[in-house]
There are 2 protein chains.
Amino acid sequence: MRQLCMPQGLSSDELSKLETLICSARSVQRGEALYRSGDRFDSIYAVRSGSMKTLMAHRDGREQVTGLRLAGEALGLDGISEDVHACSAVALEDSTVCIVPYGALKRLCREISSMQERMHKLLGAQIVREAAQMMMLGSLSADERVASFLLDVSERNAQRGYSSAEFNLRMTREDMGSYLGMTLETVSRTLSKFQKRGLIDTQGKHIRIVDLPGLRQV
Amino acid sequence: MRQLCMPQGLSSDELSKLETLICSARSVQRGEALYRSGDRFDSIYAVRSGSMKTLMAHRDGREQVTGLRLAGEALGLDGISEDVHACSAVALEDSTVCIVPYGALKRLCREISSMQERMHKLLGAQIVREAAQMMMLGSLSADERVASFLLDVSERNAQRGYSSAEFNLRMTREDMGSYLGMTLETVSRTLSKFQKRGLIDTQGKHIRIVDLPGLRQV
DNA sequence: CGTAAGGTTGATAGGACTCAATTTTAGTGG
DNA sequence: CCACTAAAATTGAGTCCTATCAACCTTACG
């Protein structure tokens, strides 16, 4: 957990302070919401096991997947600006999260400058990730989006010490489509096409990347 | 400037500390870059006058507009996570910006908890805005995107005390298209269509919103 | 005032969506 | 543990929206 939540730049003394702060964990069943858009914000979270999706709704009620969080990644930053969550977070499989009370975290950030640094970088990294996602939605074709998404998940798996070539994506095709700005049918067709071309090997939610360079230059 | 940069929750004592921090301003000519992707990050900025766009590049060099900043809005947060700017910021017209050195700002955030609060909310708001933009790109039609963009600019103008019904958009149709994930031709056609329907009145970059409710339900 | 950049509009083509029919997977309960 | 069933995934056919290519007009800057 230490690596996962707040990896770098903390002394072990500081780490123990952090650990007093992470006062609790919580398990979330598949399909259950950790928080919903409109809920009061009082904690941020780190996915300890499993995976989650974040959703945002239009005025008309249509929901779109705005993010995927794998084990070790942070969740809940969407509530900071308004003290109310802007997104909902739903478990893609039975999962557990660490709960980090925001008030206590703020205090710690004031006491320990390396914690402040971490916090800023966490927020800043989310900003950059989302900007990259905007670029993807704004200027890539369906093929390019799917390839780019697979490569992103692969890379994030690698960073967490798992296989970058083979993984289980717990999202449905509909979730993927919603996240990538296309229909579930197009997602399915694109994955089939990649398989025929020998770029990947899919069996439902299990995905193996066969030709990494090939996928990169889709 | 006081309202613009850091409006709420600061005592006047705190404000004067902030003002010692904003040590300088800078003017940026139309078309000139305030910073470029890859530049070392050491300051955040607030647009004092004029307007700017942010750009991000794909590996292949294609650039996309990822943001529009009007007077009073913050700029440069894309550099926090990696100490290097992820975007470029280019002036849409002759503009001036306040320079806020990040190191000094961090120190101030540790001393004054309301400053820390402001900083977190600034970053959090950017995260939520970008998520909303992702939604727009992922699930709206061309018409809906243009309408949504015009309403967004209108609202931001209102917040800054300018007219919400009439404004000058200094972006080109190409910039707008890039930002909205469509071609400049489609932007132009959509604006013409809105004009024919009596929703707006355009003359080049000058835009007047004639039928606000109508535009909302496009 | 000239000229290049920006904007508009038209015709055509193609990529992704929609609707629909099956097949496959996975979660539930006997 | 296996059968059952609803959810998820695949594939096809036809259509529509938006991109592309092209010509022309307008604006603004030097």
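Per chain, numbering begins at 1; letters A, B, ... match sequence-line order.
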Any side-chain N or O of B/Ser188 less than 4.0 Å from the OP1 or OP2 oxygen of C/dT9? no
Identify whether the distance between the nearest side-chain nitrogen and carboxylate oxygen of B/Glu93 and B/Arg170 falls below 4.0 Å. yes
Could you tell me how far apart B/Met176 (CE) and D/dA19 (P) are, to the nearest whole angstrom? 13 Å
Give the angle between the helix axes at the two ends of the helix from C/dC1-D/dG30 to C/dG30-D/dC1, taking five base pairs at each end and rounding to 10°. 60°
Residue closer to the 5' end of DNA chain C, B/Lys196 versus A/Gly181 (nearest nucleotide): B/Lys196
What does A/Leu184 touch in the nucleic acid at a heavy-atom separation under 4.0 angstrom: a base, only the sugar-phosphate, or nothing? base
Using only side-chain N and O atoms of A/Lys205, determine if any of them is under 4.0 Å from OP1 or OP2 of D/dA8. no
Step through it carefully: locate the ring centre of A/Tyr162, locate the ring centre of A/Phe167, and say whether they are under 6.0 Å apart. no
For nucleotides 20-30 of chain D, read 5' to 3', which letter fits each nucleotide if B means a protein heavy atom sits under 4.0 Å from the base, S means only the sugar-phosphate is that close, and - means neither? BB---------
Any A/His85 side-chain heavy atom under 4.5 Å of A/Arg36 side chain: no
Student check: side-chain heavy atoms of A/Gln64 and A/Leu55 closer than 4.5 Å: no
Counting only side-chain heavy atoms from C-beta out, which of C/dT9, D/dT18, C/dG6 sits nearest to B/Thr172? C/dG6
